[in-house]
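Every value quoted in this text rests on a predicted model; they were computed, and no experiment measured them. Quick note: numbers below take in every heavy atom, side chains included, and nothing from hydrogens, waters or symmetry partners. Sequence lines set the chain letters: A, B, ... in the order given, protein chains first and strands last, and positions in each chain run from 1.
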Amino acid sequence: MPAPTARGAVTLVLGGARSGKSRFAEQLAAASGLSLVYVATASAHDDEMRERIAHHRARRDDRWRTVDVLLDLAGALDAETEPDRLVLVDCLTLWLTNVMLAGADIDAEIEALLVALSRVSGPVIAVSNEVGYGIVPDNALARAFRDHQGRLNQRVAALSTRVTLVAAGLPLDLKLPKAPNE
Amino acid sequence: MPAPTARGAVTLVLGGARSGKSRFAEQLAAASGLSLVYVATASAHDDEMRERIAHHRARRDDRWRTVDVLLDLAGALDAETEPDRLVLVDCLTLWLTNVMLAGADIDAEIEALLVALSRVSGPVIAVSNEVGYGIVPDNALARAFRDHQGRLNQRVAALSTRVTLVAAGLPLDLKLPKAPNE
Amino acid sequence: MPAPTARGAVTLVLGGARSGKSRFAEQLAAASGLSLVYVATASAHDDEMRERIAHHRARRDDRWRTVDVLLDLAGALDAETEPDRLVLVDCLTLWLTNVMLAGADIDAEIEALLVALSRVSGPVIAVSNEVGYGIVPDNALARAFRDHQGRLNQRVAALSTRVTLVAAGLPLDLKLPKAPNE
């Protein structure tokens, strides 16, 4: 069975807010023994977010190199050409928020990301939120966000070799790599 | 093991918004090889909804017959008396919304639906939303909806032979048909 | 394999609103054959809540002793010193709400609860809500609540021997007790 951290393999880690998904993804990354790149998509636009970023950053040791990306996630993935380097993207939800707030062409940006994910050199772990399990939001922007996020998760899950849902810090695999003889 | 599409068997497909639950239910239906009825409960009351209906409709081929039902879902199920015809109901959440908006007796409508589901001739696949995994909604109507939806899902799950949760397009079985010798 | 109801074992039952999690927890408790304590954290502050409390109470038979706790859940757990008595806490979400509304020191209260849970005499089943699977709430208090709830669930899950997610009344185990020889 190929490891989820095999070259070019994409692992999607899904979960709700404060589900422990980032921590799980970091542990999965650290267990690979590879050199590690943390692609941070959070923009420190307010104190609440700055605190979260600092909290996450404090958890990572010096094996990590951090790259900050607001919009061009496809470009950041393309720039990582070393097959023995694991790239952790945390997270697709903040990236999608950035794309929507910037008024960019959402469908085009998503397609570009999917192309980049399909041709990565080293293993990639992408963290993303499940946001569709509540009542329909009142405002149209929140509904649109929920739709884009849901479709993005489906598309990334389809090209991933492993998809894991995290709840209360505990992983539940929705998709696992196939054994070579399957 | 009886197939989830055995005569009279009910399959419940649960998921969040944009989780891929409808697509999964359609693929499950199409794989049955039976003739197919699509019971559509969406009312095209605004552009957003019209677009979603068209999007779903475009995915179904001409093996499907479509029946539009706003309120009398029990009657629509009772009308399908052909045991080799699979009925896909998409979805219970929109039907429940219609019932609440119409000011109908919600408990009575739910009981009628459960009776109809318990005596269907052919296999039925019902799609429904999970809506209770967010923060308590501010307004009382949304809270009431969440309560009715949650209880409806529990009731339908109890009489179903298979219950599958779909996340990011991937199925996770919560209940499976029992083998004959169990 | 130690039963989830072994002395000192903590079982966490997670689920959305109206997911059937309380009923599942009660059935798990009743199946233990032990004497039963129901620690109720709901405060009957409005008609809606009074109705829910009555609904839950009607379901429990006279094997149950009920203890009402608004804030001092740690104290209530410490007071149960009988190892053959099962304590069901329903639920951590309402307790956390009470703590926040009372303006108490949330982190200190959570730490005290975790200490109490780590030294219970008899088995404990704690029910809690998943609230982080919707869109980011508009208001800061709801966001703070969601964060505290998510972290609390992770912390309690980490010290539990069994963690079960309930959806549509159906249990899905996220963590199970280890067999003795593991």
Side-chain angles (χ1 to χ4, degrees), chain A residues 14-27 42-43 45-49 51-52 55-56 59 91 93-94 96-98 100-101 127-150 153 164-174, chain C residues 10-19 21 91-93 96 106-107 110 114 126-168 171-178:
Chain A
L14 290 168
R18 252 38 68 200
S19 62
K21 59 190 184 309
S22 291
R23 184 187 293 264
F24 174 78
E26 287 167 30
Q27 289 169 345
S43 82
H45 58 272
D46 63 17
D47 286 351
E48 202 175 307
M49 197 52 94
E51 199 183 313
R52 281 181 189 183
H55 180 74
H56 277 207
R59 221 159 51 193
C91 65
T93 302
L94 289 170
L96 183 62
T97 307
N98 298 340
M100 289 185 72
L101 291 179
V127 176
S128 192
N129 277 66
E130 279 288 356
V131 301
Y133 289 77
I135 284 288
V136 179
D138 283 335
N139 79 74
L141 186 67
R143 285 199 303 277
F145 179 78
R146 198 167 79 140
D147 285 1
H148 288 301
Q149 176 72 82
N153 287 349
T164 303
L165 182 68
V166 177
L170 301 168
L172 183 72
D173 286 312
L174 299 176
Chain C
V10 176
T11 298
L12 176 62
V13 177
L14 290 169
R18 252 36 73 197
S19 62
K21 60 191 185 305
C91 66
L92 299 185
T93 302
L96 183 62
I106 299 166
D107 289 336
I110 287 178
L114 293 167
V127 176
S128 192
N129 277 66
E130 279 288 355
V131 301
Y133 289 76
I135 283 287
V136 179
D138 283 336
N139 80 74
L141 187 66
R143 284 199 302 277
F145 179 78
R146 197 168 80 140
D147 285 1
H148 287 302
Q149 176 70 82
R151 291 201 188 105
L152 175 61
N153 287 349
Q154 287 186 52
R155 298 287 298 277
V156 176
L159 64 73
S160 294
T161 52
R162 180 180 177 183
V163 180
T164 303
L165 181 68
V166 178
L172 182 72
D173 287 312
L174 298 176
K175 186 181 187 179
L176 281 170
K178 283 199 178 61

**Student:** Does any non-hydrogen side-chain atom of C:Thr161 lie less than 4.5 Å from one of C:Val10?
**Tutor:**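 A side-chain contact is absent here, since even the closest heavy-atom pair is not under 4.5 Å.
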
**Student:** Picking from C:Thr164, C:Val13, C:Leu165, what satisfies side chain to side chain contact (heavy atoms under 4.5 Å, CB included) with C:Pro171?
**Tutor:**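 Among C:Thr164, C:Val13, C:Leu165, the one meeting side chain to side chain contact (heavy atoms under 4.5 Å, CB included) with C:Pro171 is C:Thr164.
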
**Student:** So what's closer than 4.5 Å to chain A heavy atoms on C:Leu174: side chain, backbone, both or neither?
**Tutor:**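 Backbone plus side chain of C:Leu174, per the 4.5 Å heavy-atom cut-off to chain A.
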
**Student:** Within a strict 4.5 Å, meaning less than it, do heavy atoms of the C:Tyr133 and A:Asn129 side chains meet?
**Tutor:**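 A side-chain contact is absent here, since even the closest heavy-atom pair is not under 4.5 Å.
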
**Student:** Under a 3.5 Å cutoff, is there a donor and acceptor pairing between the side chains of C:Ser160 and C:Arg162?
**Tutor:**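 No.
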
**Student:** For the interface with chain A, which of C:Arg155, C:Gln149, C:Arg143 has the highest count of heavy-atom pairs at distances below 4.5 Å?
**Tutor:**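 When all of C:Arg155, C:Gln149, C:Arg143 are compared, C:Arg143 has the most.
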
**Student:** Side chain, backbone, both or neither: which part of C:Leu152 has a heavy atom under 4.5 Å from chain A?
**Tutor:**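 Contact with chain A: none, neither part.
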
**Student:** Output the option from C:Ile135, C:Asn153, C:Leu172 having the highest count of non-hydrogen pairs under 4.5 Å with chain A.
**Tutor:**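 If we count pairs closer than 4.5 Å to chain A, C:Ile135 comes out on top.
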
